[in-house]
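Read the structure below first, then the notes.
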Number of protein chains: 2
Amino acid sequence: MEMRRIDPVNCSVARALSVVGERWSLLIVREALDGARRFGEFHSRLGIARNLLATRLETLVTAGVMRRVPYQEPGDRQRFAYELTEQGRALRPTLVALLEWGDTYLADPQGPSVIVRHRPVDEGSSCDEPVKVVLECAAGHSHLAPEDVCRTPGPGARLVESS
Amino acid sequence: MEMRRIDPVNCSVARALSVVGERWSLLIVREALDGARRFGEFHSRLGIARNLLATRLETLVTAGVMRRVPYQEPGDRQRFAYELTEQGRALRPTLVALLEWGDTYLADPQGPSVIVRHRPVDEGSSCDEPVKVVLECAAGHSHLAPEDVCRTPGPGARLVESS
DNA sequence: TTAGTGAGTTTAATTCTTCAACTCAGGGGG
DNA sequence: CCCCCTGAGTTGAAGAATTAAACTCACTAA
């Protein structure tokens, strides 16, 4: 029985993974979200090989996830730092989701190594409560279980024949 | 100025990525969430090489993300299908987050190819509204912006010296 | 007996990662 | 001035991962 389904290749998940699905890319973004800015910071925090770090940063910059900004420490020459664009910061929910999944199923026996907290940049430590990622629909139903959602074709869907 | 920060290697994000961060792994999980169960289904939907699919499925099974279950079509020999465990289904928020990010920044000009909808398995199509992933803290503050959260050490954190 | 199918293996070519060594531009000490 | 130091990369060779294509295996159907 033939049916038409969403083309799995023309999908934003696949496109997203083609940008941030390479080894190290999401870890670089995570460190950037945590304040890393300079080549050497990424290198020493992650232990990634230098040449790979250079190509990953370049990939992330051309993809619009990061931006290369010149900086100059007093009494030193000009160097470059890497900071997240708004597009890069928008990966936070993805990283929180991965963190939560890892904490739930692969955690250290000691407990989670990282807790994400509600701590706005401008106010002090107003709330500080742990943050979770939740699925919520446009009608306001929140905390949906994974089984309560399904994929449907959108306006840009290509449909393909499939068994 | 020395400071102690969270060891980036002892982190659930890194552990999660060591399980689902390989090329194809998350796409295999996505297809499984969308109903794929058999070797050939994954193969033809994704166009992945057969040997890689075999090793990825094996990795996912040993990691506890999927389960290998025997099945037998009438008048055919016994074969094996692959289905998600609860741990595998728990990757849904991660995939929705990636999908949303891809839709926002890398979308097809036609619009998103996939829309995730609130459609519980048991009830019919009760709600059907589009689903988004949101950050929410334990105090009930919802729809947090990426800038409003930060990482803090948890009970299992190892701290390392860093510049 | 011969052909066909789903589910994999095997193999060889290509690509990606890693590690180590090297470059390049400036700063500081002697 | 000369030599060594640092941060930020680049280059090159060895090792690991990915790909495509051909092959196996167990069984069914004609």
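First the proteins, then the strands, lettered A, B, ... as listed; each starts at 1.
- Closest to the Arg23(B) side chain, of the nucleotides dA20(D), dT18(D), dA22(D), is dT18(D).
- Within 4.0 Å (heavy atoms only), Ala49(B) reaches at least one base atom of the nucleic acid.
- Of the candidates Arg15(B), Glu86(B), Gln87(B), Glu86(B) is the only one forming a side chain to side chain donor-acceptor pair (under 3.5 Å) with Tyr105(A).
- For Arg56(B) and dT19(D), the CZ to C1' distance is 12 Å, given to the nearest whole Å.
- Atom C1' of nucleotide dG9(D) and atom CZ of Phe80(A) are separated by 12 Å, given to the nearest angstrom.
- The distance between atom CG of Leu53(A) and atom P of dT10(D), rounded to the nearest whole Å, is 10 Å.
- Under the side-chain hydrogen bond (donor to acceptor under 3.5 Å, both in side chains) criterion, Ser142(A) pairs with Glu136(A), not counting sequence neighbours.
- At a cut-off of 3.5 Å, with distance as the only test, no side-chain donor of Tyr71(A) or Arg37(A) sits close to an acceptor on the other residue.
- In this structure, His43(B) places its NE2 atom 15 Å from C1' of dT18(D), rounding to the nearest Å.
- At the heavy-atom level, Tyr82(B) lies under 4.0 Å from the strands shown only through sugar-phosphate atoms.
- First and last contacting nucleotides of DNA chain C toward chain A (any atom under 4.0 angstrom from a heavy atom, 5' to 3' order): dT17(C) to dG27(C).
- As a whole-Å value, the separation of Ile48(B) CD1 from dT18(D) P is 9 Å.
- Nucleic acid contact for Phe42(B): none, since no nucleic acid atom lies under 4.0 Å from a heavy atom of the residue.
- Residue Trp24(B) places at least one side-chain N or O under 4.0 Å from the OP1 or OP2 atom of dT19(D).
- For Glu41(A) and dT6(D), the CD to P distance is 17 Å, given to the nearest whole Å.
- Between the side chains of Ser113(A) and Asp108(A), not a single donor N or O lies within less than 3.5 Å of an accepting N or O.
- In this structure a side-chain-to-backbone donor-acceptor pair under 3.5 Å is missing from Glu31(B) to Arg45(B).
- The aromatic rings of Phe39(B) and His43(B) lie parallel to each other, their planes meeting at an angle below 30°, with 60° marking the opposite boundary.
- Contact between the side-chain N/O atoms of Arg79(A) and the OP1/OP2 oxygens of dT6(D) is not found at any separation under 4.0 Å.
- Side-chain atoms of Asn51(A) lie closest to dT10(D) of the nucleotides dT18(D), dT10(D), dG9(D).
- Of the candidates His118(B), Arg117(B), Arg119(B), Arg119(B) is the only one forming a side chain to side chain donor-acceptor pair (under 3.5 Å) with Asp128(B).
- At whole-Å resolution of the value, CD in Glu22(A) and C1' in dT18(D) are 13 Å apart.
- Straight-line distance from the CZ atom of Arg50(A) to the P atom of dG12(D): 17 Å, rounded to whole Å.
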